Number of protein chains: 2
Amino acid sequence: MRLTTKGRYAVTAMLDLALHEGRGPISLADISSRQLISLSYLEQLFAKLRRNDLVKSVRGPGGGYQLSRDKADIYIVQVIDAVNESVDATGCGGKGDCHEGEACLTHHLWCDLSDQIHAFLSGISLADLVARRDVQEVSQRQDRVRLQSIEFERIEATG
Amino acid sequence: MRLTTKGRYAVTAMLDLALHEGRGPISLADISSRQLISLSYLEQLFAKLRRNDLVKSVRGPGGGYQLSRDKADIYIVQVIDAVNESVDATGCGGKGDCHEGEACLTHHLWCDLSDQIHAFLSGISLADLVARRDVQEVSQRQDRVRLQSIEFERIEATG
DNA sequence: CTATTAGCCGACTATTTTAGTCAATTATTT
DNA sequence: AAATAATTGACTAAAATAGTCGGCTAATAG
């Protein structure tokens with residue numbers, strides 16, 4: 001099992017999409033600047049998210065990504081799975097052949113742990129996150145910062 | 001967060017110790033042959049387990065390792081922590097400074113997940129595992145295989 | 001006392017994964 | 001036609017994993 005920035009970035013980016021939906025497609029450049037994730041890296045991640053039918057893309061100017069279905073129907077575990085970060089804690093992929101074709105001493109423990117994590121992450125949808133107070137607060141702060149930097153750029157350009 | 005063979009090996013080896021305690025110290029060679037873990041790698045892991053006061057060692061012939069305290073007082077989370085596999089799912093070590101010194105959009109989600117995993121693994125002691133039916137079954141199978149290979153070696157040696 | 005056993009220690013290494021970068025291409029819209 | 005933005009593929013530095021190897025030290029059995 002691993003949970004690194006890859007999976008965290010994917011969930012963060014999907015949540016960003018869920019928070020800003022309704023105003024047409026969101027470009028990766030927007031997500032990149034809001035969430036401070038490298039654009040090229042986001043491209044890699046969204047290729048996987050698209051292949052897993054979690055987002056759909058619109059090319060060309062004004063294009064970007066949108067959730068492929070309602071945010072209440074997209075669960076965190078699906079996002080993490082999509083970028084190849086398995087939530088499985090066993091070494092054998094749950095097959096139970098970890099010790100000479102049979103279960104190792106701790107196989108069932110890791111199975112239980114996997115079930116635990118899976119249940120937790122599959123019980124939370126993007127809509128659930130959007131509704132959370134802490135998420136809303138962080139999102140509002142990010143939008144404020146965003147507006148400030150746009151204003152700053154305007155002043156710079158105007159001179 | 002990561003849970004790889006390192007943490008799994010450590011827990012498996014500690015459980016092996018718990019299962020075979022009472023007959024003096026257990027050598028790493030024994031654990032290695034029963035659990036099919038490289039002896040040199042076990043040495044590395046037990047150095048950390050010893051530094052974290054989870055086992056004590058006895059040198060010389062007949063020596064080996066023993067649990068440093070009752071198996072009911074050693075929890076899985078301690079073993080995993082000892083070999084430097086953190087159960088923390090956040091990217092910031094729980095500090096909440098993941099986005100320009102402030103919490104990132106998904107910080108609280110990863111905190112909740114960390115709490116979940118931590119609660120699960122700190123609720124299970126080595127004694128709990130020893131008492132489990134599936135662990136006992138696997139352990140008995142391993143002891144049978146072990147006896148067979150000793151018998152085989154005896155016949156080989158006798159000729 | 002000496003040979004053996006078994007823990008102890010540090011250095012080294014191959015492989016894999018992470019977290020990206022970079023360049024080129026394709027589709028779309030203004 | 002120009003600009004935008006997704007799409008693709010190849011490449012890479014750094015870190016972690018999962019070990020190996022050799023030599024050393026302590027203790028005990030004979």
Side-chain angles (χ1 to χ4, degrees), chain A residues 1-13 17 20 23-33 35-52 54-68 80 83-86 88-89 91 98 104, chain B residues 1-13 17 20 23-52 54-68 80 83-86 88-89 91-92 98 104:
Chain A
M1 181 181 56
R2 49 210 129 99
L3 181 59
T4 61
T5 53
K6 193 195 282 188
R8 284 192 295 264
Y9 280 176
V11 174
T12 301
L17 230 46
H20 296 89
R23 279 165 284 167
I26 310 290
S27 73
L28 292 187
D30 280 2
I31 300 178
S32 171
S33 79
Q35 305 307 332
L36 309 178
I37 304 170
S38 140
L39 177 60
S40 330
Y41 200 42
L42 277 176
E43 285 171 358
Q44 271 184 56
L45 299 180
F46 272 78
K48 295 185 180 187
L49 294 172
R50 196 170 59 94
R51 264 179 248 132
N52 282 267
L54 293 170
V55 295
K56 54 189 173 192
S57 60
V58 179
R59 286 179 156 212
Y65 286 92
Q66 286 171 304
L67 299 180
S68 65
I80 294 176
V83 293
N84 299 344
E85 289 212 308
S86 172
D88 181 31
C98 18
C104 74
Chain B
M1 179 183 56
R2 50 210 127 99
L3 181 60
T4 63
T5 52
K6 194 194 281 187
R8 284 193 294 264
Y9 280 175
V11 174
T12 301
L17 229 48
H20 297 89
R23 279 164 283 168
I26 310 291
S27 74
L28 293 188
D30 282 0
I31 299 178
S32 171
S33 78
R34 268 196 296 266
Q35 306 305 333
L36 309 178
I37 303 171
S38 139
L39 177 58
S40 331
Y41 200 43
L42 276 176
E43 283 175 359
Q44 270 185 54
L45 299 180
F46 272 77
K48 295 186 178 187
L49 294 171
R50 196 170 59 94
R51 264 179 248 131
N52 281 267
L54 294 170
V55 295
K56 52 190 173 191
S57 60
V58 180
R59 285 179 157 213
Y65 286 93
Q66 286 171 306
L67 298 180
S68 66
I80 294 177
V83 293
N84 298 347
E85 290 212 308
S86 170
D88 181 30
C92 55
C98 17
C104 74

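Proteins get letters first, then strands, A, B, ... in listed order; numbering begins at 1 in each. Keep in mind that what you see is a predicted model, and the values were worked out from it rather than measured.
- Rounded to whole Å, atom C1' of D/dA5 lies 8 Å from atom CG of A/L28.
- Listed by residue number, the members of residues 5-12 of chain A with any heavy atom below 4.0 angstrom from DNA chain D form an empty set.
- If you measure from atom CD of A/Q44 to atom C1' of C/dC22, you get 12 Å, rounded to the nearest angstrom.
- In terms of position on DNA chain C, the residue among A/G60 and A/S38 whose nearest nucleotide sits closer to the 5' end is A/S38.
- With hydrogens and angles ignored, a donor-acceptor pair closer than 3.5 Å exists between the side chain of B/R59 and the base of D/dT25.
- For the side chain to side chain contact (heavy atoms under 4.5 Å, CB included) criterion with B/L17, the lone passing option out of B/L67, B/L54, B/L49 is B/L67.
- Atom-to-atom, CG of A/L45 to P of C/dT21 comes out at 12 Å; the value is rounded to the nearest Å.
- B/E43 places its CD atom 14 Å from the C1' atom of C/dA11, with the value rounded to the nearest Å.
- Within the 4.0 angstrom heavy-atom criterion, base atoms lie near B/S40.
- If you take OH of A/Y41 and P of D/dG9, they are 18 Å apart, rounded to a whole angstrom.
- Using a 30° and 60° split on the angle between ring planes, A/Y9 and A/Y41 fall in the perpendicular class, above 60°.
- Between the C1' atom of C/dG7 and the CD atom of B/Q66 lies a distance of 14 Å, rounded to the nearest Å.
- Rounded to whole Å, atom P of D/dG9 lies 9 Å from atom CZ of A/R51.
- B/T4 places none of its side-chain heavy atoms less than 4.5 Å from the side chain of A/R2.
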